Structure formats: C-alpha cells, structure tokens
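All values reported here derive from a predicted model rather than from experimental measurement.
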Amino acid sequence: MFADNWKISLRQVRRLLILDIFGLSSLMLPGILSSLTGADGVFCLILGAAGGWAFLWLIRKNLQNAQGDYYHYMKDTAGQIAGDAFMVFYYLYFVTLCGFALYQAATLVLTWLLPEGSYFWVSILLLLLAAYGTVRGIEGRARVYEIIFWFLGIPLLVMLFLALREVRTDYWAPLMYSKSGDFLQGTLACWVFLLPLTALLFLKPFCQKPEGLAGCGKCALIEVSVLNLAIYLVLLGVFGRNTLGVLKRPVITLMSMINLPGGFFTRQDVIMTSVWFLALFALMHTGAFQSTLVLKELFHESGNRYSMWISLILAFIISMGFFGNTFLMEVYEIYQKWIVLPGLTGILLILLLTYRIRRRTAREKEGEENEQ
C-alpha cells in the first residue's frame, strides 16, 4: 500500500487536492459566510486564501529542508519526543477530519438520495469503500479521482452558468457593513477549510517530482478559491443573505432549482448531489489514508492493516458522535479554529526556525574547527 515504487504525478496531486478542499468548503462556507458577513464574505474568501497562501509558504520551506520523509525530518529537526508529539497532533487532525467528512457524506446521502436509509449502514459501507481504496494504494486512488475530477467539474460549471440568469446583483450589497468580529470569524473559517493542504507534507515519498508539491498546492488553492468565490456570488445573488444563511446545503438547493433547456432532465439534483458526495468521499478517503500513514509511522508497523482499521474505527465513532450529538459540531468548529489552525501553523514555524538555528549553529562550529 505504501510502497515507494508507486508514484503519482503532480497533475494527479493537484486534482486530489482540489477535490479534498472543494467538496466541504463549497457545501458549508456559503451558509457560514452569509450568516456572519453577508456580501463581505467575498473579502473573507480572499483573505482566507491569502492565509492559505502563507500556510503553503511554510509547507514549501519545510519540504525543501526535508531530505527524506516528513516524519524523519521532524525527528531530526525537533527531536524524537517532539517529532512524535507532532505526529500525534497530525493524527488527531486527520482522523477527526475523516470522521467529520464521513458524517457529512452519510447525511448527504440520507437527505437527497436515500431518505429511508440507515445512517449506521451507510457509514459502514462508506468506510469499507475507504478501506478498499486505502489497501489499493495511492496510485489507484489518484487514477480513479482523476476520472471523477472531470465527471464533477463539467456538470458543475454548466449548472453555474445556467444559474447566472437568476442572479440579482442588488443582493451583493451592502459592502463593508459587517462587524469586525464576524469578519474575522468568516476569514478564519475560509482558512480552516484550506487545511487539507497539510496532506502535501506526507506525499513526498509518493510523488514523481516532490519538488513541485508546493506548486501543486498553490494551483489547487487558486482554482478552489476562484470557484468558491463564483459559487458564493451566485448563491448570494439568487437567495439573498437571509435565506442563504438558513439553508443547510444551499449549493445543492440551487442545483435542484435550475431547469435545463428543453426540460429533458428534471432530476439533475441527483447528479449534482453525486458531485458533492464523491468530493466528500475523496476528503474522507484522504483522512483515512493520511491517518493510517501517520499511525503506521508512530507504531513503526511493518504492514499497515492494524493502523488502517484503528483509524477507520475511530473515524466511525467520531462520525456517530456527530450524528447523535449536534453540539459536537460547535465543539469541532472551535477545535478547528483555535487548536488545529494555530497548531498546524505553529508546528511548521517551529520546525522551520529550529532547522535554521541548528544549521547556523553547525556552520559556526564548522568555522571554529577550521580556524583551529
């Protein structure tokens, strides 16, 4: 599963990142931003993308410093104890992300596709699919999602184009009207939805040209940010701030309202629901794959089956927690904004500064030895 001879291209990496970021952000951000900031959500998206750009800069610098994989770079730079502590933090991030994405994907299926279905069995089926994909390895995963990328992208762009005729531009006002606290919350929310870019740190052993990973991240960041900006403007122009803020999944609601020319297909909402279902499944699969990889390194496991099943079981428990206790959504939001975001950024800063200090100290010692 994690064999070094399985290498994926930079194009495949970029498309995986786009799917990971786009699915959840396009479903949830419009409602969050409209309720907090209204039309000012446009500026939140732009500033959130700027934060993501700074985060990618830290990723790029650390990848340049890493001679091997990221785990050994952390241990060599910060020490064994700190390296393991950082890995535990990454594991908690990825496994909770997997559980949250599983919850979103399962509820999406039950709401739009199988209203009489069982959450338990839908979740089990999705986890088994994720287990199969993880066992197949990252190369098979990249090839499948490369096909899905076009299946998702073309219908989405067509439907957005058709929705333009329903847009009322007067709903895009007023601007610069939201409170500073709400504006900060909206900006942080946009930044949080870009954190799946963290997966780049662990893809170096699996990529054909690892020196281009940060560049792939930048391309994915720009493409998703532009797409989310377009979706937000369309949704705001169609529904207005008040309605958009209360809709659970406004982008899918919009897709169900659009009438295709000729009226030859009246249930296009089913196809569009599958677009977001596949994107959410891709994110869930990323969480499962990365958490398995991290736990495998922590346990120094020769295989990966135990790490995979532990991660999937924990993700299932987390998902059931979200389903049975809605207040956990608020807890997860706080965890993402005030623990994960500063934590992931802080780890990268600590590693970068520690590496430079150690390198400078080594050069000074070498200079002293040469003088003697």
Side-chain angles (χ1 to χ4, degrees), residues 1-2 16-17 19-21 23-25 28 69-71 74 83-107 119-120 122-138 141 192-203 206 279-301 303-325 328-348:
M1 166 178 149
F2 297 131
L16 283 173
L17 289 173
L19 288 176
D20 287 345
I21 301 171
L24 198 58
S25 62
M28 300 188 67
D69 63 78
Y70 184 60
Y71 177 48
M74 286 193 292
D84 286 342
F86 292 160
M87 286 290 274
V88 170
F89 191 89
Y90 280 115
Y91 179 76
L92 292 175
Y93 166 67
F94 283 121
V95 77
T96 54
L97 179 66
C98 180
F100 184 70
L102 172 61
Y103 165 72
Q104 291 293 334
T107 53
Y119 181 87
F120 178 87
V122 169
S123 300
I124 291 293
L125 177 59
L126 292 177
L127 284 173
L128 290 176
L129 289 173
Y132 174 75
T134 304
V135 170
R136 292 280 299 183
I138 193 170
R141 174 171 167 249
V192 163
F193 279 99
L194 297 174
L195 289 181
L197 292 168
T198 303
L200 285 169
L201 292 165
F202 299 91
L203 291 181
F206 307 104
L280 288 174
F281 181 78
L283 179 61
M284 186 196 80
H285 195 187
T286 292
F289 182 86
Q290 297 292 345
S291 58
T292 299
L293 176 62
V294 171
L295 198 61
K296 172 181 178 291
E297 294 289 351
L298 279 172
F299 286 170
H300 306 289
E301 187 182 352
N304 44 61
R305 299 300 173 88
Y306 293 113
S307 298
M308 182 186 70
W309 288 114
I310 290 173
S311 298
L312 292 178
I313 291 171
L314 286 177
F316 176 73
I317 294 172
I318 292 168
S319 171
M320 292 298 295
F322 284 126
F323 182 71
N325 304 277
L328 288 180
M329 293 285 290
E330 298 179 6
V331 175
Y332 185 70
E333 180 183 350
I334 295 171
Y335 167 69
Q336 286 277 303
K337 285 185 178 179
W338 305 114
I339 297 178
V340 172
L341 179 58
L344 294 180
T345 306
I347 288 173
L348 293 172

Can you tell me how far apart OH (Y332) and OG1 (T96) are? Round to the nearest 0.5 Å. 4.5 Å

Going by heavy atoms in the side chains, are H285 and T134 under 4.5 Å from each other? yes

Interatomic spacing from OG1 in T292 to CG in L312 - rounded to 0.5 Å: 6.0 Å

Quick check: do Y119 and M320 have side-chain heavy atoms less than 4.5 Å from each other? yes

Looking at every heavy atom in both S123 and A106, which two are closest together, and how far apart are they? OG-CB, 3.8 Å

Nearest-0.5 Å distance that lies between atom CG in L126 and atom OG in S319: 8.5 Å

Let me confirm one number: the CZ-CG distance from F202 to D69, rounded to the nearest 0.5 Å. 9.5 Å

Nearest heavy atoms of A131 and W309, plus distance in Å: CB-CH2, 3.9 Å

Measure centre to centre between the rings of Y306 and F299, then say whether the value is under 6.0 Å. no

If you look at every heavy atom in V192 and L341, which pair is closest and at what distance? CG2-CD2, 4.3 Å

What side-chain donor-acceptor pairs closer than 3.5 Å can you find for residues 83-93, not counting sequence neighbours?
unit_1 : atom_1 : unit_2 : atom_2 : d
D84    : OD1    : Y71    : OH     : 2.5
D84    : OD1    : Q80    : NE2    : 3.3
D84    : OD2    : Q80    : NE2    : 2.8
Y90    : OH     : Y70    : OH     : 2.8
Y91    : OH     : S311   : OG     : 3.1
Y93    : OH     : L195   : O      : 3.4

Working to the nearest 0.5 angstrom, can you tell me the gap between T107 OG1 and Q104 CD? 5.0 Å

Under 4.5 Å between any side-chain heavy atoms of L24 and M284, yes or no? no

State, yes or no, whether a side-chain contact exists between P196 and T286 at a heavy-atom distance under 4.5 Å. no

Indicate yes or no: at least one non-hydrogen side-chain atom of L102 is less than 4.5 angstrom from one of I318. no

Please step through side-chain contact (heavy atoms from CB on, under 4.5 Å) for the pair V95 and V294, ending with a clear verdict. CA-CA 10 Å; V95 77; V294 171; over 6 Å; no

Could you grab the distance from atom CG of L197 to atom CD1 of I21, nearest 0.5 Å is fine? 4.0 Å

After noting the C-alpha distance and the side-chain angles of I124 and F316, does the key distance pass the side-chain contact (heavy atoms from CB on, under 4.5 Å) rule? CA-CA 8 Å; I124 291 293; F316 176 73; 3.9 Å; yes

Beyond-backbone contact of L203 with L16, side-chain heavy atoms, under 4.5 angstrom: no

Which of these passes side chain to side chain contact (heavy atoms under 4.5 Å, CB included) with T198: L344, I347, V340? L344

Is there a side-chain contact between L295 and E301 in this structure, where contact means two heavy atoms from C-beta onward sitting under 4.5 Å apart? no

Using the six-membered ring wherever Trp is involved, compare the ring planes of F100 and F322 and label them parallel, tilted or perpendicular (cut-offs 30° and 60°). perpendicular

